[in-house]
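Residue numbering restarts at 1 for every chain, and letters A, B, ... go by the order of the sequence lines. From a predicted model like this one, the values you see are computed outputs, not experimental measurements.
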2 protein chains.
Amino acid sequence: MSSSQKQPASLKSVAKMAGVSIATVSRVLNGDPVVKPETKLAVEKAIKTAGYHPNRVAQRLRSSYKSGRLIGLVIPDIRNPYYIDVIRGIEESAYTNGSAVLIGNFSQDPDKEKMYINILKSESVDGFIIAPHHGHDKYVEDLIEQHHAVVCIDRGLANCSTDIVKSDNERGAFNAVEHLIKLGHKRIAHISGNLSIPTTHERIAGYVAALRKYNLPVDDTLIRGRASDFQSGIDLTAELLDLPEPPEAIFTANNLLTLGSLEKIHERGVKIPDEIAIVGFDDMYWAASLNPALTAVRQHGFEIGKRAIELLYQRIEDPARPAANVIINTELMVRRSCGFKPGTL
Amino acid sequence: MSSSQKQPASLKSVAKMAGVSIATVSRVLNGDPVVKPETKLAVEKAIKTAGYHPNRVAQRLRSSYKSGRLIGLVIPDIRNPYYIDVIRGIEESAYTNGSAVLIGNFSQDPDKEKMYINILKSESVDGFIIAPHHGHDKYVEDLIEQHHAVVCIDRGLANCSTDIVKSDNERGAFNAVEHLIKLGHKRIAHISGNLSIPTTHERIAGYVAALRKYNLPVDDTLIRGRASDFQSGIDLTAELLDLPEPPEAIFTANNLLTLGSLEKIHERGVKIPDEIAIVGFDDMYWAASLNPALTAVRQHGFEIGKRAIELLYQRIEDPARPAANVIINTELMVRRSCGFKPGTL
DNA sequence: TAGGGTCCTGAAAACGTTTACACTAAAAAC
DNA sequence: GTTTTTAGTGTAAACGTTTTCAGGACCCTA
């Protein structure tokens with residue numbers, strides 16, 4: 001019926017239509033109880049017939065605003081399905097709050113990270129959710145120093161106290177390796193990730209702890225780490241398979257490494273799980289479709305995203321609140337890629 | 001050294017520091033050649049020492065601005081890896097242009113789609129990239145009628161002429177089915193998607209065209225479509241396998257259907273490709289890691305995203321430009337899931 | 001009738017930009 | 001030596017909000 005106005009309605013046009021001042025319209029919009037019921041009705045009618053929607057840009061310029069916030073999200077790799085879950089968790093909550101999410105994917109590139117942080121700052125986002133590049137991420141530290149609301153995911157910052165939401169990496173790794181051990185594997189390798197991020201070390205620690213607990217030797221030649229990408233998975237798996245005494249099982253530190261490792265294992269025609277077992281950190285929704293279905297450590301990305309944005313809202317409300325550190329448990333998704341030991345399952 | 005200013009620098013503070021008016025500072029920032037070289041230098045120095053970054057909110061309020069745009073992206077399902085590629089294509093170009101991307105994932109929910117479109121409108125985005133919910137998407141049509149810059153991906157709108165960037169669905173489907181036929185398969189089923197979107201029909205058309213070309217019968221009991229989700233893939237595959245005369249090959253219409261289909265095929269213990277061949281629309285970066293590696297129709301999502309944002313920039317520059325319709329070819333990624341015919345490959 | 005509430009509303013400043021316009025001083029033209 | 005041009009700069013309005021402040025109308029009390 002309506003829907004063909006040239007200019008979008010503004011406070012001014014609504015005010016004129018209702019025969020009141022813009023202040024009154026604003027008050028109605030914000031539910032100020034002071035306005036007289038009659039005028040309120042008149043204004044509401046004008047708002048409806050004008051098809052008015054507040055201009056969030058003007059609102060944000062005037063003052064960072066209560067409802068309908070703008071959230072900045074900065075992540076290192078949108079191709080990682082884990083981060084997709086995180087995004088969905090954030091988005092679900094953002095949706096119910098009428099918030100919008102500005103997304104920056106920096107692809108492990110610090111310059112890109114810096115630029116996105118600057119853009120988001122200059123867009124006056126109400127708060128940031130960031131997976132810092134590493135533990136000494138200067139850009140994120142600056143952000144916090146400048147009193148922006150920031151929640152970190154995956155890892156914290158060495159020099160700052162911030163809200164953090166992350167998985168229990170050590171325990172997750174421990175569970176995975178313990179699972180292998182309980183199935184009878186003894187010679188277990190670990191393909192590790194980028195050594196500059198704390199996550200990597202936590203996962204190594206879990207691996208080592210499991211071996212220790214069961215009195216298995218920790219063999220340095222079986223721990224190999226380079227980068228966290230597909231190619232490293234391929235190369236490091238080749239190295240392991242070429243060992244005079246190759247491992248019986250591999251624990252990979254993230255999904256891309258897992259994929260690379262599988263690629264090489266298939267290429268060599270090595271049978272999973274009969275000739276080699278594999279368990280990966282990071283579950284993917286299609287992990288069950290791999291053949292054999294992949295046993296994996298599931299990070300609850302959706303949950304992590306959800307908690308992160310909750311914390312962020314609280315941080316925006318109360319900047320002085322002490323920092324919270326939320327650790328989300330992982331879950332071992334047992335499938336077929338590690339084999340069976342008689343008596344288990 | 002610097003980095004501890006309470007308030008971010010504004011035109012005003014820079015102007016005061018440089019001893020000029022804010023207009024002059026603005027002119028320097030926008031490269032107006034009218035300013036005297038000396039003052040220009042002084043202002044630039046002040047800008048640097050103040051660590052000034054323009055406030056994009058104020059810029060956008062004042063007038064939609066030339067560099068550093070804000071792009072609204074509305075997609076139906078962020079879990080679909082195809083859209084991740086699209087996002088990356090958009091993002092790459094946005095990054096080099098200093099643009100930011102506001103993302104709305106509506107999860108096939110029209111209400112959510114509507115809300116995100118409203119939010120983006122009210123954030124005064126410079127333009128929209130949208131995968132419409134279906135061919136008669138009223139919200140998107142309204143947007144275009146209101147003279148917003150809009151580029152559609154995946155499908156157009158029946159009642160509007162817009163810029164569209166999409167894959168050649170019919171040809172992609174044709175190639176996939178032709179591949180099966182050339183490998184000697186005759187009884188080929190098609191698991192189709194949501195029948196309310198044009199894409200689905202284009203893919204069916206390609207399937208039918210291939211059968212026709214090779215004088216194979218088109219058997220309605222072998223074409224089954226319900227929704228475009230995982231569960232449909234499972235259920236429809238079960239139906240097909242339960243047929244008195246089950247198909248020798250299946251062509252699935254998207255990645256979720258493929259995954260569901262694989263799930264059921266594995267569950268039944270049917271061997272791929274010996275007992276059944278499968279080719280899917282939508283390639284995924286991990287499709288080669290499936291066992292056997294999946295033969296799939298690859299949509300160039302990255303390319304689609306890139307072309308979409310290019311068109312969008314051009315549309316913003318010139319709202320009157322006639323609408324363009326860009327069709328991107330697909331690519332058949334031949335792997336192992338369709339088997340080999342003696343003499344091929 | 002004067003004084004003081006209470007109730008409701010409007011005027012105006014502010015947020016940080018861009019930009020049309022006005023203005024000054026010096027240079028050029030006559 | 002006056003007038004006109006030109007170069008360079010500043011003033012102020014505008015974008016659409018929120019919010020403080022002031023003030024008008026009304027009612028109550030003395």
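B:Asp318 and B:Tyr313 are not linked by any side-chain donor-acceptor pair at a separation below 3.5 angstrom, with hydrogens and angles left out of the test. Side-chain contact annotation: B:Asp154 with B:Tyr83, donor-acceptor N/O pair under 3.5 Å present. A:Tyr52 and A:Ser10 share no donor-acceptor pair across their side chains, judged by distance under 3.5 Å alone.
With rounding to whole Å, A:Glu38 atom CD is found 11 Å from C:dC8 atom C1'. Here C:dG16 presents its P atom at 12 Å from NZ of B:Lys16, a figure rounded to the nearest Å. Computed from coordinates, the B:Asn30 CG to C:dG16 P distance equals 17 Å when rounded to whole Å. Rounded to whole Å, the distance from CZ on B:Arg62 to C1' on C:dT17 is 7 Å. Between the NZ atom of B:Lys12 and the C1' atom of D:dT11 there is a distance of 14 Å, given to the nearest Å. In this structure, B:Arg60 places its CZ atom 14 Å from C1' of D:dG16, rounding to the nearest Å. Look at CG on A:Leu61: it is 7 Å from P on C:dG16, rounded to the nearest Å. The separation between B:Asp32 atom CG and D:dA7 atom P is 13 Å, rounded to whole Å.
Within 4.0 Å of B:Thr24, counting heavy atoms only, lie sugar-phosphate atoms of the nucleic acid but no base atom. Contacts of B:Ser26 with the nucleic acid, taken as non-hydrogen atoms under 4.0 Å apart, include base atoms. Contact annotation for B:Val57: no contact, since no heavy-atom pair falls under 4.0 Å across all strands.
Nearest-nucleotide positions on DNA chain C for A:Lys36 and B:Leu11 put A:Lys36 closer to the 5' end. Annotation: of the two residues near DNA chain D, B:Val34 and B:Ala58, the 5′-most nearest-nucleotide partner is B:Val34. Annotation: of the two residues near DNA chain C, B:Pro54 and B:Arg27, the 5′-most nearest-nucleotide partner is B:Pro54.
Checking the phosphate oxygens (OP1, OP2) of D:dT9, a side-chain nitrogen or oxygen of B:Thr39 falls inside 4.0 Å. Under 4.0 angstrom from either OP1 or OP2 of C:dG16 there lies no side-chain N or O belonging to B:Ser10. When the side-chain nitrogen and oxygen atoms of A:Gln59 are compared with OP1 and OP2 of D:dT18, one or more of them lie within a distance under 4.0 Å.
The aromatic rings of B:His133 and B:Phe106 sit perpendicular, their planes meeting at an angle over 60°, well past the 30° parallel limit.
Of the candidates C:dG16, D:dT9, D:dA12, D:dA12 carries the atom nearest the B:Ile22 side chain, counting heavy atoms from C-beta on.
Of the candidates B:Asp163, B:Val165, B:Leu73, B:Ile71, B:Ile71 is the only one forming a side chain to side chain contact (heavy atoms under 4.5 Å, CB included) with B:Leu312.
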